[in-house]
> 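Mind having a look at this structure? Questions to follow.
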Amino acid sequence: MRGARAEREGTRFRLYAQLPLQVASQTPETVWIGRPPGSIGPGPSDERMYVVDAIGKDKHYEYPYLPPWRGPMHPPVVAGPDGHFDHLEPGTREFMAAHMYGTIRFVLDIWEDYLGEELSWHFSSRDRRRLELVPIVEWDNAHSGFGFIETGFAEIEGVDRQPFCLNFDVLAHEFGHSLLYALLGTPPPGKATATYHAFHESAADCVAMVAVMHFESVLDRLLERTGGNLYLPNELNRIGELSETKQIRLASNSMKLGDVPDFSTPVERLTQPERHAMSLPLTGAVFDMMVDVFQALLVQDGLISRELDKFSRPELHAADERRVQAAFDLCYARNREGFKQALRDARDYMGRCLAATWRRLSWDLRYEDVAAELLDVDSRRYQGAGRNIIISSMEWRDITFRFGRGQRMFRRRMD
Ligand SMILES: [Zn+2]
């Protein structure tokens with residue numbers, strides 16, 4: 001259950017939709033998890049995942065060291081008398097445990113809705129069925145692996161260390177890896193390619209970007225700050241700003257394939273930052289697609305002119321930028337709700353297309369396969385509505401389309 005029904009019948013949690021540096025000054029936002037109050041057990045836990053608030057875990061999981069955690073732990077967090085988890089005080093360990101569960105469950109619900117079915121964990125077996133979530137590890141990183149997601153702390157100069165378990169972006173990104181392990185499968189030992197790693201980082205960022213757009217407050221803030229001109233720097237295209245590698249990755253970026261290391265480089269010769277850099281052209285293409293679909297919907301709904309849509313692209317001269325912004329501000333002020341609905345629709349279009357595309361891919365993919373499958377998904381599900389947008393966004397990044405036997409691409413004249 002999602003949306004309005006979840007609000008009537010679901011369980012309340014409070015989550016931070018913001019980046020962690022702002023946490024101290026922000027209040028968490030109430031969300032509804034699509035399960036009846038009283039159905040989420042101590043931990044919190046359910047039949048898909050459980051939180052273990054481990055005490056003194058100073059070593060992160062790495063094969064053959066795997067869940068379940070067998071050491072000491074704090075008592076599991078329980079729901080309030082009404083069956084909800086929004087009674088916990090921010091700043092407490094209990095709140096951190098509930099925040100981690102609430103976030104991962106919230107993002108899982110969103111993506112299962114896009115997939116149209118329940119996800120089966122890649123590690124699932126008779127004696128390992130549930131995902132273990134460990135909110136506090138003495139470690140400066142966060143990761144997802146065989147049966148777990150665990151989080152440490154971001155060490156930032158001059159600032160108190162920031163727990164990753166309160167960072168929606170990091171948690172959603174790590175969940176994205178778990179989702180992709182399930183959909184793509186995992187390569188046999190020694191077979192993982194540079195493309196596989198780069199694709200994982202890109203898709204995990206896309207999982208987080210689409211998910212954070214399910215907070216009403218994020219949509220409102222985004223539109224209020226940009227007037228709907230989403231190519232401006234904003235919190236959405238800064239996704240991944242504080243990632244597990246402390247690399248700054250921007251969803252809105254101008255990286256092309258030629259700007260990143262060669263994809264045939266043996267994976268062991270690439271550093272983690274290089275793998276992340278290789279994810280940027282694909283993430284950037286997805287971001288551009290979503291913004292282009294949003295603007296196409298605005299044109300279709302009569303909310304902006306065709307000229308403004310064409311003219312408003314990144315890397316304008318400063319004077320043009322000011323003109324574009326003034327035009328957006330004017331149009332947005334006329335119909336705020338219309339802009340918000342178009343943004344929700346663009347988000348859901350992208351989410352559904354990505355979910356269906358990923359489902360068709362396997363671990364030995366190339367970016368050309370992602371492009372071709374995306375085009376095919378759009379044509380089957382949306383009658384090719386996004387075709388020109390997909391082609392131009394991919395080609396701008398120098399990502400070509402690789403088709404299977406019998407498939408070809410016919411060019412429609414672009415308007
Ligand atoms: Zn990652």
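For ligands, and for the atoms within them, numbers begin at 1 and follow the listed sequence.
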> Considering residues at least two apart in sequence or located in another chain, which fulfil the side chain to side chain contact (heavy atoms under 4.5 Å, CB included) criterion with R352?
D113, Y114, D348, Y382

> Using the test ring pair (Phe, Tyr, Trp, His ring centres under 6.0 Å), find all partners of F294 that sit at least two apart in sequence or belong to another chain.
none

> Would one find an N, O or S atom of H276, in either backbone or side chain, under 2.8 Å from the Zn ion (ligand 1)?
no

> Identify, by name, the N, O or S atom of H173 lying closest to the Zn ion (ligand 1).
NE2

> State whether E337 and R344 are salt-bridged, where the test is any N-O pair (Lys NZ or Arg NE/NH1/NH2 against Asp/Glu carboxylate O) under 4.0 Å.
yes

> What is the name of the N/O/S atom in E201 that sits closest to the Zn ion (ligand 1)?
OE1

> Closer than 2.8 Å to the Zn ion (ligand 1): does that hold for any N, O or S atom in H177?
yes

> Within less than 2.8 Å of the Zn ion (ligand 1), any N, O or S from D205?
no

> Would you call the rings of H99 and Y16 parallel, tilted or perpendicular, where under 30° means parallel and over 60° means perpendicular?
tilted

> Could you tell me whether K57 sits above the aromatic face of Y61, with NZ or CZ closer than 6.0 angstrom to the six-membered ring centre and within 45 degrees of the axis?
yes

